[in-house]
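From a predicted model like this one, the values you see are computed outputs, not experimental measurements. First the proteins, then the strands, lettered A, B, ... as listed; each starts at 1.
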Amino acid sequence: MMPSSSGGSWKSSGAGAGDGGVPDQFPAGLRVLVVDDDPTCLMILEKMLRHCNYEVTKCNRAEVALSFLRENKNGFDVVISDVHMPDMDGFKLLEHIGLEMDLPVIMMSADDSKSVVMKGVTHGACDYLIKPVRIEALRNIWQHVVRKRKHEWKDFEPSASADEQKPPEEPDYSSSANEGHNWKSTKRRKDEEDEADERDDPSSLKKPRVVWSVELHQQFVAAVNQLGIDKAVPKKILERMNVPGLTRENVASHLQTFLPHNSKNLVQKYRLYLRRLSGSPLPGGMNVGFMGGPDAGYGSMSSLNGLDLQALSASGQLGQLPPQSLATLQAVALGRSNNSKSAIHVPVIDQRNIFSVENPKSRYSEVQSQHLNNSSKQINLLPGIPTNMEPKHFVSLQQSGQHSFGSMNHQILIQMGGQSQSQTQSQNQVQSNTNAHHGLRQPVLSNDMLTRGGVVDVSTSVYNPVVSVSQASSLVDFSMNHKTDSSGSSYPLGGSLGIPNVRATSSALQGDGNLDTKVSGRRIVPSYDVFNDLNQNREWGLQDVGLTFDQSPHLIQVGLDASSPLLLQHNHSSVSEMGGQNRNLASGKVIFSPGVEARTHHNGSNVGQQRNTYVKPESDTDGSFHNTLYSELYGQDDLLVAIMKQQQQGVGQPENEFGFDGYALDDLPV
Amino acid sequence: MERNQMHTQVANTRKSLFDQGYLDDQFIQLEELQDSSNPNFVEEVVTLYYRDSARFLSNLDQALEKRPLDFSKLDNLMHQFKGSSTSIGAKKVKTECTHFRNYCSARNAEGCKRTFQNVKKEYTTLRKKLEAYFQMSRQVGPVETACQAR
């Protein structure tokens, strides 16, 4: 039995068009792999499936089926397997498929006892058919394929379309190799390419993604925390989570969301997530699709946090801080925040968004004044932070930041300087961190930034947008804080810092009312104090950033886009050293992904640099946060534009160490 | 005319198989799968079933000879056999299989052995009936061709 060919119409059209693009022949051509040790059943099933116009490959042994699947990762759309098989239990096969290929699997058995059916459900089967199977039951199996894909696509949905259709929105992020000025364009191209690649890649497209519900995410976070950031490898996380049906790949993918390198996708994902949160009652508030998407939406979120942080930190020196620094700052901040024990989950939000680099100084001041004046929630979006964020992101960040930042008090999007973060429980201050980062990397990001930079103090709140609602809240808070503080300028999305995530942060910050409401009041108030702290932590900068999952340099890119690998770059060197420090999930549960570092080699080479800053919001799990934030994120193009401008102006060397290249979080070698 | 009569005969035979409970709706599912590209699909499936399921019966026979009886193994074997039988619509066979499994869970050795005999009996009876039916059908030939032949 030869595995079916990659069969074409069903796959390609579906893949290319996302949830909307079903081929004309849909569901004809659906490539089914049916596994059953009973030859009679197998024969009947095959005939039935062919009558449904599906492409059928039959297999009477589970091992053979697995090898078929492995050889043709994209060769099948759905698997139907019997439960009772001599060589391998059907559920085991289900697990394998889920772990390795993540295809929808339908179980079947003559056994209709509730316990067995339940087992199928818990193991992650899409459906459970009772034998004898009727052809009618088989006709509808395509829905499982579509459903899974749809979930995956959702992450891309707005972004994908956005990327494709609204290229202008995105700042031209140049690659890390480029100067800040160009990073926008390059980045955008890369983003688009990534997007396209992801879209076109049948495997990524087809693979159903795990829906990271709030509960699941919390489990994930718990597992990560237990393991410790430096030990939180997907495999171990998976083991600890002990969720049937969850695959290592799912976990890895999810983990990657916190990698800054994937900022673009992250932002998109985050947006999607936010939209979903706001738009539809997502179960658990966590948009699975968002999370699970290839881009690991969470990444966006983290970057958002990171961005906020960066923004804050960069506030002072937008133009000067390389993105990496910002990322570092974020990392640091996040790490610091860890000290404060707030698990800062820094979703790898496209930090670019956070930093609206319009006018670093002015923005900063603006923000700062606003924020400073505010009760504490100030998001210092360093204007100068060059962010790869798309303009829209940026804008949204800004806007969102305005209103919601305050709420992020306890959410530490970016606890750049750890220390400060702890202080800034009420204020999201990333400043110190930022500075620290900057310091490490380039003097550019001096204390000024820290002081000025609206570092969002995420310390207080563990921002874990990806993982849980609360975290989302954190993220949102970021933006929210900002919101309250300043309407738009509050986030000087780090143009100067060139923190790609700035944008994201901004978006987050800008989360507007949605965020506010959703985030249950956690406002992220990026406070410039953080930057001050960062200053202090300057040396530390990198170290704190080192929260990473070793393998994932891209984990959470503190919004540093290629062009502005401020922090990341900075971290680059110290990352390795820092690594240890930031690995404090416990302290702040910050997963700071130094992804910022090497944009160019974000996938893996940035390991050292990229830290996954996973800021886990201490308190809340406000799913709505995500929604809000995300929606905000996407709304603000202006901010993004501003950031871009900033970046171009201010960002000196965008060493794009933020591995934003790849937006393929999944690619991260975990 | 003869052909028509034969058609009627075949139809009646078929009907009786259903009426007497030898076959159930699943068999009709198989018939519906039969088409011009696979005109003997049903017969092929049934043939495959009898060939493959024979091993279950022999395994069950052997298992029932053992002392003490391994009920879980018996149940396992019977479960597979039952699944196979169900897939072709062997209604009576399926019923007896269910009885057997009930006795297995009750760890009733006598009940198992007794019902197993019933299983085999039904299994054999159905086979004969189906063989006759298929033979008859083949003689009659596909309705379309029969008509065309005319």
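Remark: B/Lys120 NZ is packed, more than 12 non-hydrogen atoms of other residues, nucleotides or ligands lying under 6.0 Å away. Environment of CZ in A/Arg61: sparse, with no more than 12 heavy atoms of neighbouring residues, nucleotides or ligands closer than 6.0 Å.
Across B/Gln26 and A/Val133, no two heavy atoms sit closer than the pair NE2-O, 3.4 Å. Across every non-hydrogen atom of B/Gly83 and A/Ala110, the tightest pair is CA-CB, 4.0 Å. Here the shortest heavy-atom pairing between B/Phe41 and A/Ile44 reads CZ-CA, 4.2 Å. A pairwise comparison of heavy atoms in B/Glu32 and A/His51 identifies O-CE1, 3.8 Å as the closest pair.
When the candidates B/Thr86, B/Leu33, B/Leu48 are compared by the number of heavy-atom contacts under 4.5 Å with chain A, B/Leu33 comes out ahead. If you tally non-hydrogen atom pairs under 4.5 Å between each of A/Arg134, A/His84, A/Met48 and chain B, the highest count goes to A/Arg134. Of the listed residues (B/Ile88, B/Asn38, B/Asn76), the one with the most heavy-atom contacts under 4.5 Å to chain A is B/Asn38.
To the nearest 0.5 Å, atoms CZ (B/Arg51) and OG1 (A/Thr40) are separated by 9.0 Å.
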- Item | Chi angles and distances behind the salt bridge (charged side-chain N to carboxylate O under 4.0 Å, His left out) call for B/Lys82, A/Asp111 | CA-CA 10 Å; B/Lys82 181 187 171 189; A/Asp111 192 348; over 6 Å; no
- Message: Go through it in stages, so that I can follow the logic: the residues are B/Gln80 and A/Asp37, the test is side-chain contact (heavy atoms from CB on, under 4.5 Å), and I'd like the CA-CA distance, side-chain angles, deciding distance and then a yes or no.
- Response: CA-CA 9 Å; B/Gln80 297 181 62; A/Asp37 62 311; 3.3 Å; yes
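Looking at A/Asp36, there are no atoms closer than 4.5 Å to chain B (heavy atoms on both sides), in backbone or side chain. Neither the backbone nor the side chain of A/Asp82 comes within contact range of chain B; no heavy atom of the residue lies under 4.5 Å from a heavy atom of that chain.
Using a 4.5 Å heavy-atom cutoff, the side chains of A/Met43 and B/Leu30 are not in contact.
Residues B/Ser84 and A/Asp38 bring a donor and an acceptor atom of their side chains to less than 3.5 Å of each other.
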